[in-house]
**Student:** 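Have a look at this one.
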Amino acid sequence: MKPQISIRNERIDDYETVERITREAFYNLYIPGCIEHYLVRIMREHEDFIPELDLVLELDGRVIGNIMYTKAKLTDGDGDTKEILTFGPVCVLPAYQRMGYGKMLMEHSFKKAIELGYDTIVIFGSPSNYVSRGFKSCRRFNIAVDGGRYPAAMMVKELIPGALAGKNWIYQDSPVMAVSEEAARRYDDTLEKMERKYQPSQEEFYILSHSFVGEE
């Protein structure tokens with residue numbers, strides 16, 4: 001029988017499931033333990049959170065993945081600002097990863113974002129996970145962080161081609177993204193115990209997150 005797949009908005013009764021999925025997907029991936037499930041918990045109440053882009057994917061009636069967005073902004077050389085999007089976390093239960101479900105969530109969310117009037121998404125992550133979805137280095141769009149540097153992990157997708165042409169930009173994400181690792185660990189300690197441990201992916205993430213793309 002063909003699997004039944006649907007994507008819909010998250011409901012209140014999904015909250016616990018989504019936090020559990022996020023925790024399982026990210027635990028020990030970037031640090032011993034993770035902070036992403038705590039981010040999910042606090043993000044929903046923040047003013048920059050976008051409920052219309054808070055989506056879950058159901059497989060045969062069971063939620064196995066989710067994606068969540070917040071507002072972010074770009075500032076050009078004249079000081080003018082442009083409201084854009086960032087997403088994260090996007091995750092799928094480990095048993096269902098590398099099967100195309102994350103791609104489905106992203107592509108569905110891109111269409112909804114355009115319908116809401118957005119034309120640009122900026123994210124941080126491993127390029128190998130996102131370049132196939134149309135994301136490119138921030139350097140290609142002249143989008144830097146404060147200090148004028150171009151993080152290797154910062155990628156950009158123009159939902160509307162040409163939306164960023166001809167300007168230099170500084171990126172600023174929502175304050176909700178500045179998660180306290182200490183607060184996240186305290187919250188994690190209240191949940192079912194999972195072993196915090198070192199994995200090679202943590203060193204890979206450290207290298208990537210501390211690397212920058214040079215001037216062209």
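Counting begins at 1 with the first residue of the sequence. Since we're looking at a predicted model, the values are computed, not measured.
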**Student:** Do Leu164 and Leu74 have side chains that approach each other closer than 4.5 Å (heavy atoms only, starting at C-beta)?
**Tutor:**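 In contact.
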
**Student:** Could you check, using the six-membered ring where one of them is a Trp, whether Phe87 and Tyr69 have ring centers closer than 6.0 angstrom?
**Tutor:**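 Under 6.0 Å, so yes.
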
**Student:** Is there a side-chain contact between Pro51 and Asn9, using heavy atoms and a 4.5 Å cut-off?
**Tutor:** no

**Student:** Could you tell me the separation between the CD1 atom of Ile143 and the CE atom of Met155, rounded to the nearest 0.5 Å?
**Tutor:**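 One gets 12.5 Å once the value is rounded to the nearest 0.5 Å.
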
**Student:** Where do His37 and Tyr187 come nearest, in terms of heavy atoms and distance?
**Tutor:**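 Nearest heavy atoms, His37 then Tyr187: CD2-CE2, 4.0 Å.
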
**Student:** If we only count heavy atoms from C-beta on, is the Met43 to Met177 side-chain gap below 4.5 Å?
**Tutor:**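 SC-SC contact between Met43 and Met177 confirmed.
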
**Student:** For Tyr206, which residues count as a ring pair (Phe, Tyr, Trp, His ring centres under 6.0 Å) partner, sequence neighbours excluded?
**Tutor:**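 Result, ring pair (Phe, Tyr, Trp, His ring centres under 6.0 Å) vs Tyr206: His210.
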
**Student:** Quick one: are Leu29 and Phe205 in side-chain contact, heavy atoms under 4.5 Å?
**Tutor:** no

**Student:** Partners of Tyr38 by side-chain hydrogen bond (donor to acceptor under 3.5 Å, both in side chains), sequence neighbours excluded?
**Tutor:**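 If we apply the side-chain hydrogen bond (donor to acceptor under 3.5 Å, both in side chains) test to Tyr38, skipping adjacent residues, there are no hits.
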
**Student:** Does Glu107 come within less than 4.0 Å of Lys111, counting only side-chain N to carboxylate O?
**Tutor:**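 Salt bridge between Glu107 and Lys111, a charged N being under 4.0 Å from a carboxylate O: no.
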
**Student:** Please report the shortest heavy-atom distance between Pro161 and Leu159, naming the atom on each side.
**Tutor:**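 That would be CD-O, 3.8 Å.
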
**Student:** Is Glu36 reaching over with its side chain to a backbone N or O of Thr22, donor-acceptor style, under 3.5 angstrom?
**Tutor:**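 Judged by distance alone, no pair lies under 3.5 Å.
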
**Student:** Just list the side-chain donor-acceptor pairs under 3.5 Å for residues 119-129, sequence neighbours left out, or say none.
**Tutor:**
from   : atom 1 : to     : atom 2 : distance (Å)
Asp119 : OD1    : Lys82  : NZ     : 3.1
Asp119 : OD2    : Lys82  : NZ     : 2.8
Ser126 : OG     : Ser128 : OG     : 3.0

**Student:** Is there a continuous path of hydrophobic side-chain contacts, each under 4.5 Å between heavy atoms, that joins Met104 to Met99?
**Tutor:**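 Shared cluster, yes.
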
**Student:** Is it true that Asp78 and Lys167 have a side-chain N and a carboxylate O under 4.0 angstrom from each other?
**Tutor:** no

**Student:** Could you go through Glu203 and Tyr198, starting from their C-alpha distance and side-chain angles, then the distance that decides it, and tell me whether this counts as side chain to side chain contact (heavy atoms under 4.5 Å, CB included)?
**Tutor:** CA-CA 9 Å; Glu203 185 63 22; Tyr198 170 79; 3.7 Å; yes

**Student:** Do Ile50 and Val40 sit in the same hydrophobic cluster, where Ile, Leu, Val, Met, Phe, Trp and Tyr count as joined when their side-chain heavy atoms come under 4.5 Å apart?
**Tutor:** yes

**Student:** If you round to the nearest 0.5 Å, how far is CG of Leu85 from CG of Leu53?
**Tutor:** 6.0 Å

**Student:** Can you tell me how far CE of Met154 sits from CG of Leu208, rounded to the nearest 0.5 angstrom?
**Tutor:** 12.5 Å

**Student:** Applying side chain to side chain contact (heavy atoms under 4.5 Å, CB included) to Ile67 and Met106, what does each step give before you reach the verdict?
**Tutor:** CA-CA 7 Å; Ile67 190 169; Met106 283 189 277; 4.0 Å; yes

**Student:** Which heavy atom in Leu39 sits nearest to a heavy atom in Pro89, and how many Å separate them?
**Tutor:** CD2-CD, 4.1 Å

**Student:** Just jot down the side-chain hydrogen bond (donor to acceptor under 3.5 Å, both in side chains) partners of Arg44, sequence neighbours excluded, or say none.
**Tutor:** Glu10, Glu19

**Student:** Kindly compute the distance separating NZ (Lys103) from CG (Leu57), expressed to the nearest 0.5 Å.
**Tutor:** 13.5 Å

**Student:** Looking only at heavy atoms, which two atoms of Lys197 and Asn28 are closest? And how far apart?
**Tutor:**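 Minimum heavy-atom contact is N-OD1, 2.9 Å.
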
**Student:** Can you pull the side chain to side chain donor-acceptor pair (under 3.5 Å) pairs that have at least one residue in residues 168-179, sequence neighbours excluded?
**Tutor:**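 Pairs touching residues 168-179 that pass the test: Asp48-Ser174.
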
**Student:** With a 4.5 Å heavy-atom cut-off, do Ile7 and Val56 have their side chains touching?
**Tutor:**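 No, their side chains stay 4.5 Å or more apart.
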
**Student:** Please report the closest heavy-atom contact between Leu105 and Cys91, naming both atoms and the distance.
**Tutor:**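 Taking Leu105 first and Cys91 second, the nearest heavy atoms are CD1-O, 4.3 Å.
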
**Student:** Can you sort out the partners of Tyr118 under ring pair (Phe, Tyr, Trp, His ring centres under 6.0 Å), two or more places apart, ordered by chain and number?
**Tutor:**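 With neighbours one apart ignored, the set is empty.
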
**Student:** Quick check on Arg185: does its CZ atom have over 12 non-hydrogen neighbours (other residues, nucleotides or ligands) under 6.0 Å away?
**Tutor:**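 Atom CZ in Arg185 is not crowded, with 12 or fewer foreign heavy atoms closer than 6.0 Å.
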
**Student:** Is it the case that the side chain of Lys157 and the backbone of Arg133 share a donor-acceptor pair, with hydrogens and angles ignored and the cut-off at 3.5 Å?
**Tutor:**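 Checking the backbone N and O of Arg133 against the side chain of Lys157, a donor-acceptor pair under 3.5 Å is found.
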
**Student:** Side chains of Val90 and Tyr130: does their closest heavy-atom pair fall under 4.5 Å?
**Tutor:** yes

**Student:** Do Asp189 and Arg196 meet the salt-bridge criterion of a basic N to acidic O distance under 4.0 Å?
**Tutor:** yes

**Student:** Before giving the answer on salt bridge (Lys or Arg N to Asp or Glu O under 4.0 Å), spell out for Glu182 and Arg186 the whole-Å C-alpha distance, their side-chain angles and the decisive distance to 0.1 Å.
**Tutor:** CA-CA 6 Å; Glu182 181 181 347; Arg186 286 199 302 269; 3.0 Å; yes

**Student:** Can you tell me if CZ on Arg149 sees more than 12 non-hydrogen neighbours from other groups inside 6.0 Å?
**Tutor:**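 No, because the 6.0 Å sphere around CZ of Arg149 holds 12 heavy atoms or fewer from other groups.
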
**Student:** Of all the heavy-atom pairs spanning Ile35 and Ala184, show the shortest one and how long it is.
**Tutor:** CG2-CB, 3.6 Å

**Student:** Where do His108 and Leu55 land on the side chain to side chain contact (heavy atoms under 4.5 Å, CB included) test, with the steps shown first?
**Tutor:** CA-CA 9 Å; His108 185 87; Leu55 304 168; 3.8 Å; yes

**Student:** Nearest 0.5 Å, what's the CD-CD distance between Gln4 and Glu58?
**Tutor:**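 CD of Glu58 is found 11.0 Å from CD of Gln4.
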
**Student:** Do Tyr101 and Ile5 have side chains that approach each other closer than 4.5 Å (heavy atoms only, starting at C-beta)?
**Tutor:**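 Counting from C-beta outward, Tyr101 and Ile5 do come under 4.5 Å.
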
**Student:** Within a radius of less than 6.0 Å around CD of Gln97, do more than 12 heavy atoms belonging to other residues, nucleotides or ligands occur?
**Tutor:** yes

**Student:** To the nearest 0.5 angstrom, please state how far the OH atom of Tyr150 sits from the CZ atom of Arg140.
**Tutor:**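 One finds 13.0 Å between OH of Tyr150 and CZ of Arg140.
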
**Student:** Can you check whether Arg23 reaches Leu191 side chain to side chain, under 4.5 Å on heavy atoms?
**Tutor:**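 Heavy-atom side-chain distance check passes, below 4.5 Å.
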
**Student:** Using side chain to side chain contact (heavy atoms under 4.5 Å, CB included), reason through Phe49 and Met68 one step at a time and then give a plain yes or no.
**Tutor:** CA-CA 8 Å; Phe49 180 62; Met68 303 171 81; 3.7 Å; yes

**Student:** So does Val18 get a backbone contact from the side chain of Asp14, meaning a donor-acceptor N/O pair under 3.5 Å?
**Tutor:** no

